[in-house]
Every structure is written in structure tokens, then in C-alpha cells.
Amino acid sequence: MKTKVGMVPFIGLVGFAALTIAGHASAQEQVVKIGHSGPLSGPNAFAGKDNENGVRLAIEELNAKKITAGGKTLKFELVSEDDQCDAKSGVSVAQKLVDDGVKYVMGPYCSGVAIPASRIYADGGTMVSTVGTNPKVTQGGYKNLYRIIASDNQIGSSMAVYAAKVLKVTKVGVIDDRTAFGQGLAEEFTKEAKKQGLTIVGQEFTTDKAVDFTAILTNMKAKAPEAIFFGGYAPQAAPMARQMKQLAVPGKLLGGDTVCSPATGKLGGDAVNDLVFCAQGGSILEKAQSGPAFKAKFKKRFNVDADAYAASYYDQMMFIGESMQKANSIDPDKVGAELYKTTYKGVAATYSYDDKGNMKQAPVTVFTFKNAAPVALASY
């Protein structure tokens, strides 16, 4: 009996010591929540999941590196929310992430979400890294908001120059889906097209939910455009391409970054081959120094090919992690100060930002489709 009684305080001491050690270990670890806002349901879910995977891959690599800031090892945790590419849902997601103390958000994907949500994030002291391309995204005057790809100004105007100089067209039609993204992109294309001496023979409007474009394409056909520029997303561009062929509408279908997605080929099949041309922010991954390696590890990790912006999200997340190390802090203001004064060579581009949060040098690549898959033609 004596032995058993004597063991009690010993066991108690061992337990106390173990708790102390565990407490000490956890005190040396700092959890950093990384939010992701994007469409995880609906027609653009493929893009939202791709973006999320780009962030996830970077987080896993940062956690493996066990980087430190403020004397603590950082443990990154992904908190991903479905904003449905809808302004109202996006604002709700922003408020939820801010209320949950998330200080870093990757996204939104859609400009129509990024514009209203940016105020919520700014008020909550949250850093935002978005692929929203509408010029208004970075015109709100909010600090710690970064556009991690080229803007509509660059993408839309690049496609207009390509149409004039390379495709040698003189008459173009313009269609947009009335979203902040689609409308903004079409406006930038139209401005540059006119500067290039192209004639806009017609302008039509649709929605980002439509799948039947017979009426507007019939109107366009009567005006004999040599190309039609579409400001909108892949789920509309693909059936539009099919219907252009069915109606024998002349000319090419031109678009912006979202049309460059492999989803356009998956949804449009052979109809998109040599018909669809699009401009996307970023350089040609196959020709980028670390592009092939990134594509290979992404495919191995997620068993799907990287889509339009996985590399951009991955790059920016790695840039943020590096900046936390340099700032020796996870405070968004201190990390943001590092982002502004540093240049980071990523997979998709070299990142440095002006005082509005736009990339100083944002490459743009023009694609077409072969065998229902996007094929890069040239980077500018």
C-alpha cells in the first residue's frame, strides 16, 4: 500500500511536467489563418477550386519549411468560403472571415465580389490578394489590397492589339455579360480597338447565367464582323463558340483571362479549336523557369491540371510567407510594407506593387485552343 500511495504524487508530477512541456511547445507555435473567397459552387466552381488549391499547395510548403516570425513557428491554416461569384454572398463571406479574425484573404475571384467586399476587409484590417481584374478593384483607396495579375486595362487592350496586328481584322463585334468583370473588360477592349483603327460593328449584352446566344449572334452575323469580343466567363464562352459554328457566324471569338480556362475546351469541345483566342495575365508556364515543375507538383498533389490562376495564388501566398519572415511579424501592416518594398520572383510572374496595389509589370499571354485545350501563342 505504501508504494502505491507514494506513487500518486510522482504520477502527478509527471503529468504536470508533461502538461508544462506541451504548453511550452504550443506557446512556440503561432496559428495564422489564411482565408480564401471564391466560387466553390455554380458554373465557376472549377476556378474557385483551382485558386483554393494554389493557396493550399503554398500553405503546405510553408508549413513544411517551419518559418518563424516573432520568435514563433508559423502554422498556416486554410479557411475557404464559397462566395458563389455573387456580390451579396461575397460581402457575407468577407464579414464572416473578418469576424473570425482572419487577417489574410486570397481572393475574391470575381471583380463583382472584390469591389464591394474590399471595404469590409479594409475595415477589418485584413490583407486581400485578388485576381479581380476590373480597374475599380484597386481604385477604392484601400491599403493592403493587391491585384496579383494584369488588370482589364492590360488584358482587354492586349487582345485588341492582337486582333489588329496579328489577326489583321478590321471589323469587330462586342458582347458582354453585364458583370463588373465582363463589362469592364469589354470597355477596355473597345477603347483600345478604336485606337487601333478597328470598327465596332455591333454591341450586344447577355448575362453570366445565359446559355442560349442564338438571338444576339444572329444580330451580329448580319453585321459581318471578322471577330467578336466576349467580356465574360468560360461557362458562357463555350456554348457561344458552339452556336457561332452552328449559325455560321464569321470570324473568331475573342475573350479575356477567364475564357483561357481549360473549362472552355471541356464545355465547348472541338467547336473552340482555332476559333477562340484569349488573353490571360501571367507568362507562359511551360516556358517559365519553374513553370513545368510547378505544373507537375500541382498535378501530383491534386490529380488535376493547374487552371488559370493556381500559380498566381501560389506565388502570392509564398510571397506573403517570405514577407512575414522578413518583417518578423504576422501583422498585415508590417507584412504589407515588405510587399511594397520587395520584388518576388514567382512561377507565373515577378511580383512588385505600385502604391495602389497593382503589379508594376504584369505579363499577358495570348492563347488559342487546339484539341479542345488552351495553347499559348505569345507573351507580352
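As the structure is a computational prediction, the values presented were derived from the model and not from experiment.
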Inset, instruction - Could you please spell out the steps behind the side chain to side chain donor-acceptor pair (under 3.5 Å) verdict for D177 and T179? - result: CA-CA 6 Å; D177 66 0; T179 64; 2.7 Å; yes
Legend entry - Candidate pair S157 and E188, rule side chain to side chain donor-acceptor pair (under 3.5 Å), full reasoning: CA-CA 6 Å; S157 60; E188 294 300 330; over 6 Å; no
Legend entry - Chi angles and distances behind the ring pair (Phe, Tyr, Trp, His ring centres under 6.0 Å) call for Y351, Y146: CA-CA 10 Å; Y351 299 78; Y146 303 88; over 10 Å; no
Legend entry - Evaluation steps, side chain to side chain donor-acceptor pair (under 3.5 Å), between N358 and T138: CA-CA 7 Å; N358 294 309; T138 54; 3.0 Å; yes
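Applying the ring pair (Phe, Tyr, Trp, His ring centres under 6.0 Å) test to residues at least two apart or on different chains, the pairs with a partner in residues 194-230 are F189-F229. Sequence neighbours left out, not one pair with a member in residues 213-238 passes salt bridge (charged side-chain N to carboxylate O under 4.0 Å, His left out).
Electrostatic pairing of K33 and D100 does not count as a salt bridge here, judged by no charged N lying under 4.0 Å from a carboxylate O. Using a 4.0 Å cut-off between charged nitrogen and carboxylate oxygen, E322 and K326 count as a salt-bridge pair. Using a 4.0 Å cut-off between charged side-chain N and carboxylate O, K66 and E29 make no salt bridge.
At least one donor-acceptor pair closer than 3.5 Å links the side chain of S158 to the backbone N or O of Q154. Using modelled atom types, no side-chain atom of T126 and backbone atom of V98 make a donor-acceptor pair closer than 3.5 Å.
Under the salt bridge (Lys or Arg N to Asp or Glu O under 4.0 Å) criterion, R147 pairs with no residue at all, not counting sequence neighbours. D86 meets the side chain to side chain donor-acceptor pair (under 3.5 Å) test with S89; sequence neighbours excluded. Evaluation of the salt bridge (Lys or Arg N to Asp or Glu O under 4.0 Å) rule for K299 yields D305 as partners, not counting sequence neighbours. Residues meeting the salt bridge (Lys or Arg N to Asp or Glu O under 4.0 Å) test with D315, sequence neighbours left out: none. With sequence neighbours left out, the salt bridge (Lys or Arg N to Asp or Glu O under 4.0 Å) criterion links K266 to no other residue. In this structure, the ring-ring contact (aromatic ring centres under 6.0 Å, His included) partners of Y314, at least two apart in sequence or on a different chain, are F294. Judged as a side chain to side chain donor-acceptor pair (under 3.5 Å), and not counting sequence neighbours, K252 has no contacts. Residues passing the side chain to side chain donor-acceptor pair (under 3.5 Å) test with Q183, sequence neighbours excluded: none.
Minimum interatomic distance between C110 and Y233 (heavy atoms only, all atoms of both residues): SG-OH, 3.6 Å. A160 approaches L198 most closely through the heavy-atom pair O-CD1, 4.2 Å. The nearest pair of heavy atoms linking M220 to P225 is O-CD, 3.1 Å. Residues T206 and R178 share a closest heavy-atom pair of O-CG, 3.5 Å.
Heavy atoms of other residues, nucleotides or ligands lying less than 6.0 angstrom from NZ of K297 number more than 12. N219 CG: more than 12 foreign heavy atoms inside a 6.0 Å radius. For NZ of K245, the number of neighbouring non-hydrogen atoms (other residues, nucleotides, ligands) closer than 6.0 Å is greater than 12. Within a 6.0 Å radius of CG in D99, more than 12 heavy atoms belonging to other residues, nucleotides or ligands are found.
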List the atom pairs, with distances to 0.1 Å, where a side-chain N or O of residues 373-380 and a protein N or O form a donor-acceptor pair under 3.5 Å, not counting sequence neighbours.
from, atom 1, to, atom 2, distance (Å)
S379, OG, I284, N, 3.4
S379, OG, T365, OG1, 2.6

Do any side-chain atoms of residues 336-347 form donor-acceptor pairs under 3.5 angstrom with protein atoms, and if so which ones, sequence neighbours left out?
from, atom 1, to, atom 2, distance (Å)
E338, OE2, K341, NZ, 3.4
T342, OG1, E338, O, 2.5

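Linking ILVMFWY residues whenever their side-chain heavy atoms come closer than 4.5 Å, directly or via other members, leaves V113 and V91 in distinct clusters. A continuous path of hydrophobic side-chain contacts links L57 to L74 [ILVMFWY only; heavy atoms under 4.5 Å]. A continuous path of ILVMFWY side-chain contacts below 4.5 Å connects Y162 to I200, so both sit in one hydrophobic cluster.
With hydrogens and angles left out, the side-chain atoms of D83 and S37 include a donor and acceptor closer than 3.5 Å. Side chain to side chain, D82 and S41 meet the donor-acceptor criterion of an N or O pair below 3.5 Å. The closest side-chain donor-acceptor pair between N273 and N371, if any, does not fall under 3.5 angstrom.
Of the listed residues (D152, T258, N153), just one forms a side-chain hydrogen bond (donor to acceptor under 3.5 Å, both in side chains) with T133, and that residue is D152. For the side-chain hydrogen bond (donor to acceptor under 3.5 Å, both in side chains) with Y309, the qualifying choice from N51, D257, D50 is D257, the only one to do so.
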